S.K.: 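First, the structure itself, so that you have it in front of you.
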Amino acid sequence: MNAPERTASFLLDEDSGEVKIVYSDDTKVTNAGTFRFNKEDHTIGNLFRMQLLRDPSVRFAGYLHPHPLVYYINLKIQTNNSTVAPVEVLSSAIEDLANETDHLITQFQEATDNWKRENDTEGQF
Amino acid sequence: MPHQRFPKVQILQMAPHEMRFILSETDTSVANTLRRIMIAEVPTLAIDLVEFHENSSVLNDEYIAHRLGLIPIRYQPVDSLKGGDCNGAFLPHRECVCYERCPRCSVEFELDVTFDDANTFRSEEELMAPLTITSKDLKSNNDTVAPAHFLSQDEQDESQDAGVAIVKIGPGQRLKLKAIARMGIAKEHSKWCPVAIATYRFWPNITINEEQIATLSMEQKQEIIDVCPDRILEIDNVTGSIKAHDDAWDMCTYTEDLQEFQQTMKKRKEDDDFVTVEASEDRFIFTVESTGVMDAEEIVMSGLRVLKDRLNFLAQEVENLKDM
Ligand SMILES: [Zn+2]
C-alpha cells in the first residue's frame with residue numbers, strides 16, 4: 001500500500017508538475033548556480049561533472065545524489081567570470097558529450113563491421 | 001564544441017552472446033556511463049502482466065507470474081538471425097496511444113498445458129512422471145518475438161532440456177494463462193536487464209625501467225618475473241632484459257606482490273622501481289555478456305543510442321532554461 005510507484009526512478013511525475021531541470025542561482029557565490037536534474041543519477045551526474053571540468057571557464061563543478069531512493073541529482077557549477085553563465089557551460093558540455101557519443105556510435109559500428117569482415121563469421125551474425 | 005573527445009573502439013572478440021572490446025581516448029566517466037546504461041537503461045521485452053485462467057499446479061499464481069517475468073524474451077527482426085534491439089520496433093506501453101494494449105506496445109503469449117492431455121503422448125517409462133512446463137509452452141502472437149531458450153541451434157540440439165522450467169504438474173493438474181510482454185528498462189525491474197555481465201577494467205600501463213633492470217643479475221631478473229602471480233613479465237631473449245608478456249594486458253590483475261618485492265632489490269631506497277604497473281586513465285577493456293534477449297553488440301549499440309537520445313533531450317531542456 002505504501003510501495004513507491006514502479007516508475008518513480010525514471011519517469012517524470014508530470015501530474016504533480018515535475019519538470020526535468022530546475023535551476024537556482026547561488027545566493028552567496030557569484031557566477032554559480034545549482035541545477036536539479038529530476039529522475040537522473042550517477043550515470044549522467046558524473047558524466048556531466050567530468051566534462052564540465054575539462055572546460056577552462058569552469059571553476060567548480062560537482063554533483064550530489066543524496067540517496068539511492070531519492071530520484072534526482074544536484075549539479076553545482078561555478079564559472080570563473082560573469083560573462084559565462086553556468087547554463088552556458090552546461091549547454092556546451094552536453095553538446096560536446098552528444099558529439100562524442102555520435103562519434104562513438106560510428107566508431108563502434110565501423111569496428112564491428114571490420115571485425116566481421118576480418119573474422120569469417122558466416123552465419124553467426 | 002571546444003572540448004570534445006574522439007574515442008576509439010577496438011573489438012577483441014565477438015560472438016552473439018558475448019563480446020569484448022577496448023574503449024580508448026576517453027575517460028572513466030564515459031566508460032562508466034556506458035556500463036551503467038547497458039545494465040539499467042537498455043530497453044528489452046519481458047512478461048509484465050499475467051492473466052490466469054486455471055492454475056491447479058502446486059505453485060501459486062504470483063509465484064508463477066514472477067517466474068514468467070524472469071524468462072528472457074527475444075526480439076528477432078524478420079530476415080535476421082540476430083537478437084535485435086526492440087527499441088523502435090515497440091513502444092513503451094505508457095507512451096502508446098492505445099486504450100489498454102496493442103501489438104505496437106505488447107506481445108501476448110498463451111500457455112495451456114493439461115497433464116492428462118500431454119501424458120497420452122509420452123513414452124511408457126515417462127508415463128505418470130511429473131510434467132515440466134517450460135518456456136517452450138509459451139505460444140507467442142508475434143512471429144518476431146519468442147522466449148530465448150538457448151544461445152544457438154547447436155546448443156539446443158545437444159541439450160536434454162526443452163527450455164526454461166516454469167512449474168511441474170502431475171495427474172489432474174492444469175495450467176492455463178495469458179502472459180503479456182512489454183518493453184521496459186531494468187531501472188523498473190531487473191527482469192528487463194539485457195546483460196548478465198557488463199564490466200570494464202583499466203588497461204594496465206606496464207613500464208620497464210631498462211636502466212634499473214641493467215643493474216640486476218640474471219637470477220634477480222628471474223626472481224622478479226616469478227614473483228608476479230599473473231606472470232606478466234618474461235626475459236627478453238634478444239636484449240637479456242625484462243619485457244612484458246604480449247598478453248600482459250589481459251593477464252594482469254594483481255601487482256602488489258611485484259611492487260612490494262622489488263623494493264627489497266633496490267640498492268638504495270630512493271631508487272626508481274624496476275617495473276611499474278599503473279591503471280590507464282583513458283583505456284578500458286569492456287566485457288559484455290548477454291542474457292540471451294539480444295546480441296551483445298546490439299546491447300552496446302542500443303546503450304549508445306539511449307545515451308545519445310538522453311543527451312539530446314537534456315540539451316533541449318537546458319535550451320528551454322535559457323529562454324526563461
Ligand atoms: Zn499500445
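Proteins get letters first, then strands, A, B, ... in listed order; numbering begins at 1 in each. Because only heavy atoms are used, hydrogens play no part in the values below, and waters and symmetry mates are left out as well, while side chains stay in. Owing to the predicted nature of the structure, the values given are computational and were not obtained by experimental measurement.
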S.K.: Highest number of heavy-atom pairs under 4.5 Å with chain B: which of A:L97, A:V87, A:T112, A:I44?
M.R.: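 Going by pairs under 4.5 Å, I would pick A:T112.
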S.K.: For B:E188 and A:F10, work out which heavy atoms get closest and say how close.
M.R.: OE1-CZ, 3.3 Å
S.K.: Against chain A, label B:R310 side chain, backbone, both or neither, depending on which of its atoms sit under 4.5 Å from a heavy atom there.
M.R.: side chain
S.K.: If you count heavy atoms of other groups shown closer than 6.0 angstrom to NZ of A:K20, is the number above 12?
M.R.: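 Correct, the count exceeds 12.
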S.K.: Under 4.5 Å heavy-atom distance to chain A, tell me which part of B:L34 shows up: side chain, backbone, both or neither.
M.R.: neither
S.K.: Looking at side-chain heavy atoms only, is the closest gap between B:T26 and A:H103 below 4.5 Å?
M.R.: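 The answer is no, as the side chains (C-beta and beyond) never meet within the 4.5 Å cut-off.
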S.K.: Do A:E40 and B:L314 pass the side-chain contact (heavy atoms from CB on, under 4.5 Å) test, and can you show the C-alpha distance, the side-chain angles, and the key distance before you say yes or no?
M.R.: CA-CA 11 Å; A:E40 290 296 347; B:L314 289 171; 4.3 Å; yes
S.K.: Give a yes or no on this: more than 12 heavy atoms of other residues, nucleotides or ligands lie within 6.0 Å of atom CG of B:D323.
M.R.: yes
S.K.: Under 4.5 Å, counting heavy-atom pairs only, tell me which of A:R6, A:M50, A:E5, A:E88 racks up the most with chain B.
M.R.: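 That would be A:R6.
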S.K.: Where is the tightest heavy-atom contact between A:W115 and B:M14, given as atom of each residue plus distance?
M.R.: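 For A:W115 versus B:M14, the nearest heavy atoms are CH2-O, 3.2 Å.
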S.K.: Please name the pair of heavy atoms, one in A:A98 and one in B:N312, separated by the smallest distance, quoted to 0.1 Å.
M.R.: CB-OD1, 4.2 Å
S.K.: For A:E118 and B:I11, run side-chain contact (heavy atoms from CB on, under 4.5 Å): C-alpha distance rounded to whole Å, both residues' side-chain angles, the deciding distance at 0.1 Å, then the answer.
M.R.: CA-CA 11 Å; A:E118 284 160 20; B:I11 308 290; over 6 Å; no
S.K.: If we only count heavy atoms from C-beta on, is the A:F48 to B:L311 side-chain gap below 4.5 Å?
M.R.: yes
S.K.: Between atom NZ of B:K187 and atom OH of A:Y71, what is the distance when rounded to the nearest 0.5 Å?
M.R.: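 So the NZ of B:K187 and the OH of A:Y71 are separated by 9.5 Å.
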S.K.: Which pair of non-hydrogen atoms, one from B:S29 and one from A:L47, has the smallest distance, and what is that distance?
M.R.: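 Result for this residue pair: O-CD1, 3.8 Å.
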S.K.: Working to the nearest 0.5 angstrom, can you tell me the gap between B:K308 NZ and A:D102 CG?
M.R.: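 The CG atom of A:D102 is 3.5 Å from NZ of B:K308, to the nearest 0.5 Å.
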S.K.: With distance as the sole criterion, is a donor-acceptor pair present between the side chains of B:Q4 and A:R54 under 3.5 Å?
M.R.: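 No pair is found: no donor N or O on one side chain lies under 3.5 Å from an acceptor on the other.
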S.K.: Taking B:H3 for the side chain and A:A93 for the main chain, is one N or O donor matched with an acceptor at less than 3.5 Å?
M.R.: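 Looks like no, no N/O pair under 3.5 Å.
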S.K.: Does any backbone or side-chain atom of B:L12 lie under 4.5 Å from a heavy atom of chain A? Answer side chain, backbone, both or neither.
M.R.: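 Just the backbone, heavy atoms under 4.5 Å.
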S.K.: List the steps and the verdict of side-chain contact (heavy atoms from CB on, under 4.5 Å) for A:K116 and B:E297.
M.R.: CA-CA 12 Å; A:K116 283 177 209 169; B:E297 60 167 309; 3.0 Å; yes
S.K.: Roughly how far, to the nearest 0.5 Å, is the CG atom of B:L304 from the CD atom of A:Q109?
M.R.: 10.0 Å
S.K.: Calculate, to the nearest 0.5 Å, the distance between atoms CD and CG belonging to B:E317 and A:L90 respectively.
M.R.: 11.5 Å
S.K.: So which heavy atom on A:Q107 is nearest to which on B:P7, and how close?
M.R.: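 Minimum heavy-atom contact is CG-O, 3.4 Å.
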S.K.: Report which part of A:Q51 has an atom under 4.5 Å of a heavy atom belonging to chain B: side chain, backbone, both, or neither.
M.R.: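 When you check distances to chain B, only side chain atoms of A:Q51 fall under 4.5 Å.
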S.K.: What distance do A:D96 atom CG and B:R5 atom CZ have between them, rounded to the nearest 0.5 Å?
M.R.: 9.0 Å
S.K.: Heavy-atom pairs under 4.5 Å with chain B are the metric here; pick the option from A:T43, A:T101, A:I94, A:V22 that has the most.
M.R.: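 Highest number of pairs under 4.5 Å: A:T43.
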S.K.: Should the heavy atoms of other residues, nucleotides or ligands under 6.0 Å from CD of B:Q13 be counted, would the total exceed 12?
M.R.: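 It does: B:Q13 CD has more than 12 such atoms within range.
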S.K.: More than 12 heavy atoms of other residues, nucleotides or ligands under 6.0 Å from CG of B:D143: yes or no?
M.R.: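 At most 12 heavy atoms, drawn from other residues, nucleotides or ligands, come within 6.0 Å of this atom.
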S.K.: With rounding to the nearest 0.5 Å, note down the distance linking CD in A:E110 to NZ in B:K8.
M.R.: 11.0 Å
S.K.: Hey, does B:R36 have a side-chain heavy atom less than 4.5 Å from the side chain of A:D41?
M.R.: yes
S.K.: Pick whichever of A:N46, A:L104, A:N114 has the most heavy-atom pairs under 4.5 Å with chain B.
M.R.: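 Top count of heavy-atom pairs under 4.5 Å with chain B: A:L104.
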